Amino acid sequence: MRERNAARRVLCVSFAVTVLIFGSQVRVTGDDAIPSYATVPAFTPTFKLRGRLETDFLAPAQSEANRSTFGSLPEQAGPRRARIGAEGEIAPETRYVAEIDLASGQVVLRDVYLGFGDFRDRREFKLGHMREPFSFEGATSSNSFAFLERSSINTLDPARNWGVGFTEYGSDEMWTVAGGLFQAGTDASDLQFGLGSTTALTLRGTGLAWYEDHGKKMMHFGFAISERIADQGIINFRQQPSSSLLSFGDSSDSPFQPKISIPANFQQLFNLQWAYADGPFWSQAEWYGSVVAQIGGNPVFFHGSHLDAGYFLTGEHRQYLTKTGVFGPVSVNRPFVSGFSSKPHAEQLGYGAWEVTSRISYQDFIDGATPVNAQGQTPGVMLPQLTVGVNWYLADQLRVMFNYVYSSPQIADSGMSSVSLFGVRVAVFW
């Protein structure tokens with residue numbers, strides 16, 4: 001029954017989007033019709049396919065203590081993301097984006113929204129299912145993100161939800177501000193509102209300390225805050241179930257993160273962010289925090305941070321998108337293969353782009369005020385991680401990624417263990 005209800009909701013959303021698209025093309029007649037002598041600028045709706053396919057191969061190496069605490073983690077291979085969609089304009093200053101993800105074997109909504117206003121003229125309003133403006137790494141597309149997964153503390157990013165939002169940037173493109181009112185559901189497409197659903201007001205602001213040579217030299221600062229009201233008196237961490245290693249969500253997930261349920265009416269999320277680039281070298285760092293106003297108990301505080309760095313051995317650099325305040329795609333100087341380029345002209349082939357990356361991250365979800373679970377234990381995890389990687393960009397829209405991750409999880413009321421993870425991804429987007 002739950003699957004049928006979800007399917008009905010997906011059909012309803014699809015029908016509504018179809019009505020909006022085709023309804024916008026209806027010509028007015030009668031008294032409100034435009035006189036024949038009036039000059040009406042010609043407009044043609046546009047349509048463009050978009051999508052991405054990311055296939056992962058993951059192999060863990062667990063210590064005996066880790067296997068005893070968390071169970072055996074098998075090797076896994078499969079699609080991490082399998083998205084297909086379309087984008088375009090349906091009217092002057094009105095665009096649409098509609099994209100679904102099939103990687104989990106179910107139809108999961110990703111970006112499904114209408115945008116109003118000319119974003120090239122500094123501002124836009126959105127209505128639909130979209131990413132809440134929050135973290136730097138969360139706003140960076142997986143098409144250009146430097147690691148297989150975002151840092152573990154990114155689990156505090158509210159990711160995509162239904163709502164109304166806005167984005168604006170300065171006339172000099174040195175600052176951005178974005179925000180909105182959102183409703184977070186409890187299923188993968190945020191269509192069901194049960195225990196753990198929230199209504200939120202989210203705001204993010206960014207600024208550039210300097211920006212030179214078309215972004216080859218820049219420094220970014222930003223902050224974000226999200227005020228979230230629990231619809232049914234429960235705040236959940238790790239809302240969605242996941243497989244042991246291969247995650248399908250927008251925000252980071254981990255087999256070491258237990259589900260934590262806290263009776264509360266209110267939650268605050270915080271994010272501080274920094275990014276830097278100087279030619280082929282780049283770095284970024286963030287701090288996340290969460291305060292839950294627990295009913296009948298003290299506030300529960302979780303937090304964490306990460307520091308990333310990377311260097312292009314072949315001289316490329318990460319683009320910085322001044323209108324959204326995040327790192328963008330990589331333009332390969334001499335691609336290894338042809339046919340996967342974002343450039344309109346033919347390119348000289350070579351060895352592609354090679355990038356080395358590293359990240360240290362820390363997640364602290366242990367707080368003595370956290371309510372005990374059904375087993376009488378205090379749920380929580382302390383999770384330091386080290387990640388190193390190599391990315392081979394065969395072309396602008398095709399790359400192979402190699403990651404090694406060393407984790408030392410420690411759950412509340414237990415000792416620390418260790419696990420290594422070897423991961424490979426083949427990714428293509430269009």
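Positions are given from 1, in the same order as the sequence printed here. For clarity, every value in this text was computed on a predicted model and none was experimentally measured.
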Between the CG atom in Leu269 and the OG1 atom in Thr198, the distance rounded to the nearest 0.5 Å is 8.5 Å

Quick check for you: to the nearest 0.5 Å, what is the distance between Tyr288 atom OH and Ile153 atom CD1? 7.5 Å

How close do Ala285 and Leu307 get, heavy atom to heavy atom, and via which atoms? CB-CD1, 3.8 Å

Keeping Thr155 on the side-chain end and Ser152 on the backbone end, is there a donor-acceptor pair under 3.5 Å? no

For Arg95 and Lys126, what are the C-alpha separation, side-chain angles and deciding distance, and is it a side-chain contact (heavy atoms from CB on, under 4.5 Å)? CA-CA 9 Å; Arg95 68 185 183 102; Lys126 297 180 182 179; 3.8 Å; yes

Which residue pairs pass the salt bridge (charged side-chain N to carboxylate O under 4.0 Å, His left out) test when at least one of the two sits in residues 73-88, sequence neighbours left out? Arg50-Glu87, Glu54-Arg81, Arg80-Glu149, Arg83-Glu99, Arg83-Asp101, Arg83-Asp250

Sub-3.5 Å donor-acceptor pair from the side chain of Gln267 to the main-chain atoms of Ser290, do we have one? no

Arg122: which of Glu168, Lys323, Glu173 passes side-chain contact (heavy atoms from CB on, under 4.5 Å): Glu168

Taking atom types as modelled and ignoring hydrogens, do the side chains of Arg359 and Ser151 form a donor-acceptor contact shorter than 3.5 angstrom? no

With a 4.5 Å cut-off on side-chain heavy atoms, are Phe166 and Val177 touching? yes

Which word best sums up how the rings of Phe70 and Phe256 line up, parallel for under 30°, tilted for 30 to 60°, or perpendicular for over 60°? perpendicular

Residue set satisfying side-chain hydrogen bond (donor to acceptor under 3.5 Å, both in side chains) with Ser252, at least two apart, ordered chain then number -> none

Given Gln183, which of Asn161, Asp190, Asp231 fulfils the side chain to side chain donor-acceptor pair (under 3.5 Å) condition? Asp231

Test log, rule side-chain contact (heavy atoms from CB on, under 4.5 Å), inputs Leu114 and Ile90: CA-CA 9 Å; Leu114 291 172; Ile90 59 175; 3.9 Å; yes

Using the salt bridge (charged side-chain N to carboxylate O under 4.0 Å, His left out) criterion, which residues pair with Glu132? Sequence neighbours excluded. Arg228

Flag yes if more than 12 heavy atoms outside Tyr351 fall under 6.0 Å of its OH atom; otherwise flag no. no

Taking the side chain as everything from C-beta on, heavy atoms only, tell me whether Gln268 gets closer than 4.5 Å to Glu227. yes

Backbone N/O of Tyr276 and side chain of Ser283: donor-acceptor pair under 3.5 Å: no

Quick one: side chain to side chain donor-acceptor pair (under 3.5 Å) pairs with a partner in residues 391-402, sequence neighbours left out? Arg318-Tyr393, Ser342-Asp396, Lys343-Asp396, Glu355-Asn391, Glu355-Tyr393, Tyr393-Arg399

side-chain hydrogen bond (donor to acceptor under 3.5 Å, both in side chains) filter on Arg334, not counting sequence neighbours, yields none

Quick check: does any side chain N or O of Thr140 sit under 3.5 Å from a backbone N or O of Val326, one acting as donor and the other as acceptor? no

Indicate the atoms forming the closest heavy-atom contact of Gly325 with Tyr320, along with that distance. CA-OH, 3.3 Å

Counting only N and O atoms by type, is there a donor-acceptor contact under 3.5 Å from the side chain of Glu316 to the main-chain atoms of Ala353? no

OG1-CD distance between Thr46 and Glu89, expressed to the nearest 0.5 angstrom: 5.0 Å

Within a 6.0 Å radius of atom CZ on Phe301, are there more than 12 heavy atoms belonging to other residues, nucleotides or ligands? yes

Before giving the answer on side-chain contact (heavy atoms from CB on, under 4.5 Å), spell out for Val400 and Leu394 the whole-Å C-alpha distance, their side-chain angles and the decisive distance to 0.1 Å. CA-CA 8 Å; Val400 181; Leu394 287 79; 3.8 Å; yes

Taking every non-hydrogen atom, the tightest pair across Phe248 and Pro79: CE2-O, 3.3 Å

Rounded distance (nearest 0.5 Å) linking atom CD1 of Ile235 with atom CD1 of Ile260: 12.5 Å

Is the closest side-chain heavy-atom distance between Ile225 and Thr202 below 4.5 Å? no

For a 4.5 angstrom cut-off between non-hydrogen side-chain atoms, does Gln284 reach His306? yes

Could you tell me which non-hydrogen atom of Gly115 sits nearest to which non-hydrogen atom of Glu124, and how far apart they are? CA-OE2, 3.6 Å

Nearest 0.5 Å, what's the CZ-OG1 distance between Phe147 and Thr357? 4.0 Å

Using atom types as modelled and distance alone, determine if a side-chain donor or acceptor of Thr206 lies under 3.5 Å from a backbone N or O of Phe221. no

What's the shortest heavy-atom distance between Val300 and Thr370, and which atoms? CG1-OG1, 3.6 Å

For the pair Ile366 and Asp364, evaluate side-chain contact (heavy atoms from CB on, under 4.5 Å) and give the outcome as yes or no after the intermediate values. CA-CA 6 Å; Ile366 295 180; Asp364 186 354; 3.7 Å; yes

Less than 4.5 Å apart, side chain to side chain, heavy atoms only: is that true for Leu383 and Ser361? no

Side chains of Val381 and Pro258: closer than 4.5 Å at any heavy-atom pair? yes

Sidechain-backbone polar pair: His317 side chain, Gly279 backbone, donor-acceptor under 3.5 Å: no

Say you draw a straight line from NE2 of His129 to CZ of Phe182; how long is it, rounded to the nearest 0.5 Å? 10.5 Å

Looking only at side-chain N and O atoms, does Asn271 offer a donor or acceptor that is under 3.5 Å from a partner on Ser135? no

When you measure from the side chain of Ser189 to the backbone of Leu191, do you find a donor-acceptor pair of N or O atoms at a distance under 3.5 Å? no

If you look only at pairs with a residue in residues 267-286, which of them pass as a salt bridge (charged side-chain N to carboxylate O under 4.0 Å, His left out), with sequence neighbours excluded? none

Identify the heavy atoms of Arg52 and Phe429 that sit nearest to each other, and give their distance. CB-CB, 3.7 Å

Quick check, are the ring centers of Phe302 and Phe365 under 6.0 angstrom apart? yes

For the residue pair Asn403 and Thr387, establish whether any side-chain heavy-atom pair is separated by less than 4.5 Å. yes

Counting C-beta onward and ignoring hydrogens, is there a side-chain heavy-atom pair between Pro335 and Leu349 closer than 4.5 Å? yes

Specify whether Phe327 and Phe136 have parallel, tilted or perpendicular ring planes, treating 30° as the upper limit for parallel and 60° as the lower limit for perpendicular. perpendicular

